[in-house]
Amino acid sequence: MRKLSMTMLIVSALAACGGGGGGGGGRGGSGGQGPVTAPTPPSGPATPEPPNVYVGGPEAPGGFLAWNGPMSFAGATGADTLQLQLKQTAATVTGMLLVFGPDGTGGPFAGTVSGNTLYFNFSAGNHGQGCGNAIGGMATVSAKSMVGTFSGQDCKGGPVTNGTFTVVPPVDTIDTTRLPVSGTWTGNIPSLAVLGGGAWTWVIAQDGDVNGGNLTGSVNVTTDNTLKLGAGTFTGTLTNRFPGPAWLDRVTVNAGFTGTCASMLQANVALTPDGKGLSGGVSGSTCKGPVPVTGITLQKQ
């Protein structure tokens, strides 16, 4: 966060001087002319996908996630460093684009996330106020980086072509992607008398988007379980905590068994950092009585 704080001080200093360090004559410089209008997010593909990445969040001052890294475009004079200050709500992204270096400038940014792709418009000039959808592009977002291309024109009508950037979030613990819990998970059942031991297999289906969703599925218990729990079904939810590491994600399920030993169990578990394990507790009741909160671990197959 120290790096981010220093960046914000630089941004404030530039604003006090009337805009980016590139001045009025540079491509996209703060003196760029044109109507002062905000960009609008592009619609993206004809059939958009639910967002699979989360590029903006409240963990930094100002309520946005800051991405930093190098950028270039045709005719740029020397090396530039880009910062994207982004906030995402569902598939819609808003924020600011700031450039530091010989062609430094800034302007408003608007985007749409479809799957793992961010489609965006931005403009640079008019002392950071922008001039609508002057420049457009797209970026591929991975767990900890974003690689994009862009083209268009600055607010004075000068061409901006062959633009590229590669940016990363400010700290390594931020992860833009969700670790899906859909699939098959196995583990041992605690050997308490009210649970009966043995092993179980959870088959989980997941909907929703990057922020989480609903879970449904089945659970099957091995025959060496002393209660003969047999097969059951469950519903639940996955909640992702963004931006942040996978172990902040939470899974809650309610499973019912209607066989020889009618039972209702609740599991509250969290993903392990590698996304290959679920660890937490189970409680509820079986035909043998109440189940105290008891630790369980499941491994993805």
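Just the heavy atoms: all of them, side chains too, but no hydrogens, waters or symmetry mates, feed the values below.
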Under 3.5 Å, is there a donor-acceptor pair between the side chain of [X] and the main chain of [Y]?
| X | Y | answer |
| --- | --- | --- |
| Thr161 | Ala74 | no |
| Thr176 | Ser142 | yes |
| Asn116 | Asn52 | no |
| Gln88 | Val53 | yes |
| Ser123 | Cys131 | yes |
| Lys228 | Thr223 | yes |
| Lys87 | Thr92 | no |
| Thr112 | Pro42 | yes |
| Ser114 | Pro48 | no |
| Ser263 | Cys261 | yes |

Check the orientation of Phe109 and Phe122. Use parallel for under 30°, tilted for 30 to 60°, and perpendicular for over 60°. parallel
Grab the two heavy atoms, one from [X] and one from [Y], that are nearest each other, plus how far apart they are.
| X | Y | answer |
| --- | --- | --- |
| Pro35 | Asn126 | O-ND2, 3.8 Å |
| Ala270 | Arg250 | CB-NH1, 3.1 Å |
| Leu192 | Pro292 | CD1-CG, 4.3 Å |
| Ile189 | Val221 | CD1-CG1, 3.6 Å |
| Phe150 | Met71 | CZ-CE, 3.5 Å |
| Gly197 | Asn225 | O-ND2, 2.8 Å |

So, taking the atom named [atom1] in [X] and the one named [atom2] in [Y], what distance separates them when rounded to the nearest 0.5 Å?
| X | Y | atom1 | atom2 | result |
| --- | --- | --- | --- | --- |
| Met264 | Thr286 | CE | OG1 | 12.5 Å |
| Leu118 | Leu86 | CG | CG | 7.0 Å |
| Thr237 | Asp207 | OG1 | CG | 10.5 Å |
| Met146 | Leu82 | CE | CG | 9.5 Å |
| Leu98 | Asn68 | CG | CG | 9.5 Å |
| Phe257 | Asn220 | CZ | CG | 8.5 Å |

Determine, using the 4.5 Å side-chain heavy-atom cutoff (strictly less than), whether Trp67 and Tyr119 are members of one ILVMFWY cluster. no
Do Leu229 and Val194 sit in one hydrophobic cluster, given that two such residues count as connected whenever their side-chain heavy atoms are within less than 4.5 Å of each other, even indirectly? yes
Report yes if the side chains of [X] and [Y] come closer than 4.5 Å at any heavy-atom pair, otherwise no.
| X | Y | answer |
| --- | --- | --- |
| Val282 | Val293 | no |
| Ile204 | Val251 | no |
| Met96 | Phe64 | no |

Which pairs, with at least one residue in residues 183-197 and sequence neighbours excluded, count as a side chain to side chain donor-acceptor pair (under 3.5 Å)? Thr186-Gln301
Looking just at side-chain N and O atoms, do [X] and [Y] make a donor-acceptor pair shorter than 3.5 Å?
| X | Y | result |
| --- | --- | --- |
| Thr164 | Ser72 | yes |
| Thr40 | Asn133 | yes |
| Asn254 | Thr235 | no |

Trp200 vs Leu265, side chain to side chain contact (heavy atoms under 4.5 Å, CB included): CA-CA, chis, key distance, verdict: CA-CA 13 Å; Trp200 47 16; Leu265 298 176; 3.9 Å; yes
List the steps and the verdict of side chain to side chain contact (heavy atoms under 4.5 Å, CB included) for Val253 and Val219. CA-CA 11 Å; Val253 297; Val219 54; over 6 Å; no
Walk me through whether Phe165 and Leu84 qualify under side chain to side chain contact (heavy atoms under 4.5 Å, CB included). CA-CA 11 Å; Phe165 63 80; Leu84 296 176; 4.2 Å; yes
